[in-house]
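Keep in mind that this is a model prediction, so the values were computed, not measured.
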Amino acid sequence: MASDRIVGVIGLGVMGKPMARRLVEAGFEVVVHNRSQAAVEELVELGATAATSATDLASRCDVVITMLPDTPDVEQVVLGGGGVLAAMRAGALFVDMSTIAAGTAVRVHANAAERGVDALDAPVSGGEVGAVEGTLSIMCGGDESAFARAGAIFECLGSRATHVGGPGAGQIVKACNQIMVGISLQAMAEALVLGAKAGVDQAVIVEALLGGAARCWALEVRGPSVLRRDFRPGFRCELHHKDLGLALAAGGEFGATLPLTASVRETFGAMKATGRGDFDHSGVITIIEDLSGEPSLVEEAVSGGGGPR
C-alpha cells in the first residue's frame with residue numbers, strides 16, 4: 001500500500017542494523033527495537049524512532065520486519081498472546097526475514113491470517129555486505145499480493161526479490177541456497193588445500209579456476225579473503241551450521257536425501273567445536289588444513305590476526 005511508510009524493524013544485529021539504516025536513508029519512518037540498546041541508539045541518531053518493546057513497535061507500524069537469529073527467537077517474539085502478531089492491527093504487513101524452519105514460517109502465516117495481517121517469509125542471501133549495500137537476494141513465500149505490497153521495501157534492501165511460492169516456500173529456497181553455498185565453500189577449501197600440498201600457489205589456483213567451469217560465488221567473493229587469511233565474519237560458521245540443520249530437517253520431512261549437506265554440516269560443526277564458530281563460513285578451509293596436517297596454517301588463521309575481530 002502507498003500508505004505503508006511506517007516500518008518497524010526488530011533485531012538489529014549484523015544484518016538487521018544495516019537494513020534498518022537503509023530504510024531510514026530511503027525516507028521510510030522507521031521504528032526499531034533490539035535487546036541491546038547500542039544499535040538502537042545508533043539508528044535513532046540517524047532518524048529512527050525507538051520503541052519500548054517489540055509489541056509497542058508492532059502496534060505503531062504499517063509494516064513489521066523481523067531479522068532474528070533462529071526459529072525459537074521468532075516463535076518467542078512473534079507468536080502467542082504476547083507476541084508481535086497479537087499487537088499488529090488488521091491490514092498491516094508482517095515480513096520475517098530471519099532464516100528459520102519452514103514449518104514455523106507456515107505457522108506464522110496462519111497466525112497472521114487469523115488476525116487479518118498479511119505475511120511473508122522472506123529470508124535473504126548476501127551477508128553483511130549485501131545488507132550494507134542493498135544488494136541482498138530476497139526469497140519470498142506468501143501471497144503474491146503481499147509480495148507486491150512489500151515491493152518498495154525490497155527494492156531498498158536488495159537487488160533481487162523473487163516470489164517463490166506460498167507460505168514457507170521462502171524458507172525452503174533459503175535452505176537450498178545454504179546447501180549450494182556450503183558445499184561450494186568446502187569444495188573451494190579442499191581444492192586450495194590440495195593445490196597447496198602439491199606445491200601450487202593458491203592465488204594461481206583461484207585465478208585459473210575463475211576462468212573455467214568451477215567459477216562460482218565462493219571463488220569470486222570469498223576466494224580473495226581466504227588468500228588473505230581474513231576470516232572476519234560476513235556470515236558466521238555457527239549460523240551456517242544452524243541453517244544446514246534446517247535443510248536436513250526439511251529433507252527428512254519431504255523425503256529428500258542430502259548426503260553432501262550432512263557432510264558439510266559436520267565440517268561447520270567442527271568449526272564450532274574447535275572455537276572457530278564465529279569465523280566467516282569460508283574459514284572451513286582451516287578444518288581441511290587441520291585434517292591435512294597443516295597446523296601452521298591453522299595457527300596462522302586463529303592467532304595471527306586473520307580471525308574475527
Check whether any side-chain N or O of [X] sits under 3.5 Å from a backbone N or O of [Y] as a donor-acceptor pair, and report yes or no.
| X | Y | result |
| --- | --- | --- |
| Asp62 | Ile6 | yes |
| Arg22 | Leu157 | no |
| Arg5 | Gly27 | yes |
| Ser282 | Val226 | no |

Nearest heavy atoms of [X] and [Y], plus distance in Å:
| X | Y | result |
| --- | --- | --- |
| Ala51 | Val31 | CB-CG1, 3.8 Å |
| Val84 | Ala54 | CG2-CB, 4.0 Å |
| Ala146 | Leu93 | CB-CD1, 4.2 Å |
| Gly168 | Ala105 | CA-CB, 4.1 Å |
| Pro167 | His109 | CB-CG, 3.4 Å |
| Val24 | Leu46 | CG1-O, 3.4 Å |

Residues Glu238, Lys242; criterion salt bridge (Lys or Arg N to Asp or Glu O under 4.0 Å); working and verdict: CA-CA 6 Å; Glu238 61 187 358; Lys242 179 265 293 185; over 6 Å; no
Sub-4.5 Å side-chain heavy-atom contact between [X] and [Y]:
| X | Y | result |
| --- | --- | --- |
| Leu43 | Leu12 | yes |
| Thr286 | Met271 | yes |
| Arg276 | Asp290 | yes |
| Leu23 | Ile65 | yes |
| Val95 | Met97 | yes |
| Val108 | Phe94 | yes |
| Phe28 | Ile153 | yes |
| His33 | Leu57 | yes |

Please tell me whether [X] and [Y] have a donor and an acceptor in their side chains that are separated by less than 3.5 angstrom.
| X | Y | value |
| --- | --- | --- |
| Arg89 | Ser59 | no |
| Asp243 | Thr99 | no |
| Asp143 | Ser145 | no |
| Thr104 | Glu75 | yes |
| Asn111 | Arg107 | no |

When rounded to the nearest 0.5 angstrom, what distance separates [atom1] in [X] from [atom2] in [Y]?
| X | Y | atom1 | atom2 | value |
| --- | --- | --- | --- | --- |
| Cys237 | Ile287 | SG | CD1 | 8.5 Å |
| Asp70 | Ile100 | CG | CD1 | 9.0 Å |
| Ile285 | Ser292 | CD1 | OG | 9.5 Å |
| Gln171 | Asp121 | CD | CG | 5.0 Å |
| Leu210 | Cys216 | CG | SG | 8.0 Å |
| Met19 | Glu128 | CE | CD | 12.5 Å |

Aromatic ring pairing His240/Phe235, orientation class (parallel under 30°, perpendicular over 60°, tilted between): perpendicular
Check against salt bridge (Lys or Arg N to Asp or Glu O under 4.0 Å), Glu289 and Arg229: CA-CA 12 Å; Glu289 290 167 344; Arg229 311 298 293 172; 3.0 Å; yes
Derivation and outcome, salt bridge (Lys or Arg N to Asp or Glu O under 4.0 Å), residues Asp280 and Arg236: CA-CA 5 Å; Asp280 183 76; Arg236 298 196 304 276; over 6 Å; no
Within 6.0 angstrom of Gln76 CD, more than 12 heavy atoms from elsewhere: no
Heavy atoms from other residues, nucleotides or ligands near CD of Glu144 exceed 12 (cutoff 6.0 Å): no
Close aromatic pair by centroid cut-off 6.0 Å: Phe268 and His241: no
Leu258: which of Ile183, Leu244, Val264, Ile179 passes side-chain contact (heavy atoms from CB on, under 4.5 Å): Ile179
